[in-house]
Amino acid sequence: MNFTEYFYSLVKQIPKGKVSTYGALARALGDIRASRAVGRMLNQNPYAPIVPCHRVVMSDGSLGGFGTGIEKKIKLLKKEGVKVSGNDILDFEKALFTDFMSDFPLKKMRNEQKRLRKSVRLEDGFDDIETVGGVDVAYSHKGFGGLVVYDYKSFDINKRVSVKDEIDMPYIPTYLAFRELPLIEKLLKKYKQGPSVLLIDGNGVLHPYGMGIASHVGVKLDIPTIGVAKKLLCGEQKDDKILPGEYSEVEYEGNLVGYAYRSSPRTKKPIYISPGHMVSFETSLEVIKNFCKYKLPEPIRSAHKLATEARNSA
DNA sequence: GCGACAG
DNA sequence: ATCTTGTCGC
C-alpha cells in the first residue's frame, strides 16, 4: 500500500460520532510537518464519504474547509451525532479522536535519513568533471521527470531524457526525496552512463537531518550531487545583503551547510547551494557559478523546461 | 496578523 | 509544485 492509501486507511479509523484534526492525522503519519499535506490529501479524497474526510476539523475546534461546501460537512456530522454550532464543534474535547493505530511511516523515513546520513561524503569523488546533469520534476496527476546533461568543457547539451511515473507520496517539507527519488532513479537508468555531477532542485546537506534530496539521491545512487534551492529550508544566512556574483555562508546549528548565492543582478533573492554527496563545498559553488547564465544554473533550467514540456504534451 | 517549512 | 492576466523594470 502506498503512502496516500495508507493515509486514507488512517482516516477510516475515526469513528462515527467523533472528529479528529489535521494535526492529529499528521502525528499519526509520524510528523506534525505533514499537516498541510493531510489537508491536501483530504481535499483529493476519491473515496468520500467511505473515507470520512468530513470528520477532520481544525485543532481549535472550528470546522475547517470541505470540498463540496461546508454545509455538506455540517450535515454529515450532525447525522452522525456530532453537535455543531455555527462554525464550531460543540463539546470538542469529548468528540475528539486521536488514538490512531499506526506504523508512523514518516518516522521510518526519518530513521532512514539518519542512517543514510552516515554515508554522505563531502569531498570530490572524481578527478575531472566531464559532464554535468540537471534534473527536475513537473506534476499534473502523474510526475514527469527531465534530465539534461551538459558537457562541462564546451557547455553543449549532450543528452536529454524524460520519463513519466505515478507519484504516491505528497510533498512534505524535509521528506522531498521520498516523493521524487523514484522518478530521478528512472531518469538515470534510462540515461545509462551517469553524469560526473548531478544538479538537483532542492537541498543537499542543507537540511535539518543533513539529508536533503540531493544527498539522498547521491548516496542511494552512488553519484556526485549538488543541491540548488530557491528558498531557504533551515539555518541562517550570515549576511542578508549579497551583491551580484557574491555569496554568503549558510549555517545550521553552528555548522556550514551551504551558500546563499546571488546568481543574477536581476534578482535580490539568492539561490541556496549545498553539496549533496561526493562533492566539496568549494566545488559545489564553483560548478554552479559556471552554469549561472540566469538565476538558476542551465542544467536545471533546461531540465525544468523539459519536464514541463513532457507534462504539457501528455 | 505574523511567521512560514526545499518541491 | 500548481492555479494564471497583466504589469513592472532593466
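Quick caveat: nothing in here was measured; it's all calculated off a predicted structure. Just so we're on the same page: letters track the sequence lines, and every chain starts at 1.
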Worksheet item: Looking just at side-chain N and O atoms, do A/T131 and A/N158 make a donor-acceptor pair shorter than 3.5 Å?
Response: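 No, no side-chain donor-acceptor pair sits under 3.5 Å.
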Fill in: Polar contact flag, side-chain donor to acceptor under 3.5 angstrom, A/S302-A/R160
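Side chains of A/S302 and A/R160: no pair found under 3.5 Å.
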Practice prompt. Identify which one of A/R55, A/K73, A/K16 satisfies the salt bridge (Lys or Arg N to Asp or Glu O under 4.0 Å) criterion when paired with A/E80.
Written response: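 The residue from A/R55, A/K73, A/K16 that satisfies salt bridge (Lys or Arg N to Asp or Glu O under 4.0 Å) with A/E80 turns out to be A/R55.
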Worksheet item: Under a 4.5 Å cut-off applied to non-hydrogen side-chain atoms, are A/F281 and A/L122 in contact?
Response: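 Contact flag for A/F281/A/L122 side chains = yes.
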Worksheet item: Taking C-beta and beyond as the side chain, do A/S62 and A/N87 meet within less than 4.5 Å on heavy atoms?
Response: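 Answer yes - side chains close enough.
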Worksheet entry | Whether A/F291 and A/Y152 hold their rings parallel, tilted or perpendicular, with breakpoints at 30° and 60° |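 A/F291 and A/Y152: tilted rings.
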Worksheet item: Would you call the rings of A/F178 and A/Y175 parallel, tilted or perpendicular if under 30° counts as parallel and over 60° as perpendicular?
Response: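 It falls in the tilted class, 30° to 60°.
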Worksheet item: Using a 3.5 Å cut-off on both pairing distances, which stems of three or more Watson-Crick or G-U pairs include DNA chain C?
Response: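 Correct response: none, since no qualifying run exists.
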Rounded to the nearest angstrom, tell me the gap between atom [atom1] in [X] and atom [atom2] in [N].
X: A/E180; N: B/dG7; atom1: CD; atom2: C1'; result: 5 Å
X: A/R179; N: B/dC5; atom1: CZ; atom2: P; result: 19 Å
X: A/F144; N: C/dA1; atom1: CZ; atom2: C1'; result: 14 Å
X: A/L233; N: B/dG7; atom1: CG; atom2: C1'; result: 11 Å
X: A/I300; N: C/dA1; atom1: CD1; atom2: P; result: 11 Å
X: A/R33; N: B/dG7; atom1: CZ; atom2: P; result: 16 Å
X: A/I172; N: B/dA4; atom1: CD1; atom2: P; result: 21 Å
X: A/Q44; N: C/dA1; atom1: CD; atom2: C1'; result: 12 Å

Worksheet item: According to the 5.5 Å centroid and 30° plane-angle thresholds, does A/Y139 stack upon the nucleobase of C/dA1?
Response: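 No.
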Worksheet item: Do side-chain atoms of A/H216 reach the backbone of A/Q113 as a donor and acceptor pair under 3.5 angstrom?
Response: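 Not at all, since once roles are kept as given, no pair shorter than 3.5 Å links the two residues.
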Worksheet item: DNA chain C: A/H304 or A/R266, which has the more 5' nearest nucleotide?
Response: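 Closer to the 5' end of DNA chain C: A/H304.
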Worksheet item: So does A/Y272 get a side-chain nitrogen or oxygen closer than 4.0 Å to the phosphate oxygens (OP1/OP2) of B/dA6?
Response: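 Checking B/dA6 against A/Y272, no side-chain N or O comes under 4.0 Å of OP1 or OP2.
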Worksheet item: Do the side-chain N or O atoms of A/K230 get closer than 4.0 angstrom to the phosphate oxygens (OP1, OP2) of B/dG7?
Response: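 True: A/K230 side-chain N/O within range (under 4.0 Å) of B/dG7 OP1/OP2.
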Worksheet item: In dot-bracket, 5' to 3', how would DNA chain B read with Watson-Crick or G-U wobble pairs under 3.5 Å, [ ] for crossing ones and | for pairs to another strand?
Response: .......
Practice prompt. Identify whether any heavy atom of A/T174 sits under 4.0 Å from a base atom; if not, whether one sits that close to sugar-phosphate; answer base, sugar-phosphate or nothing.
Written response: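 Base contact.
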Discussion item. Any base atoms under 4.0 Å from A/F178, or only sugar-phosphate, or nothing? Heavy atoms, all strands.
Written reply: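 The residue A/F178 makes no contact with any strand.
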Worksheet item: Can A/C53 and A/Y8 be said to form a side-chain contact (heavy atoms from CB on, under 4.5 Å), step by step?
Response: CA-CA 9 Å; A/C53 48; A/Y8 291 134; over 6 Å; no
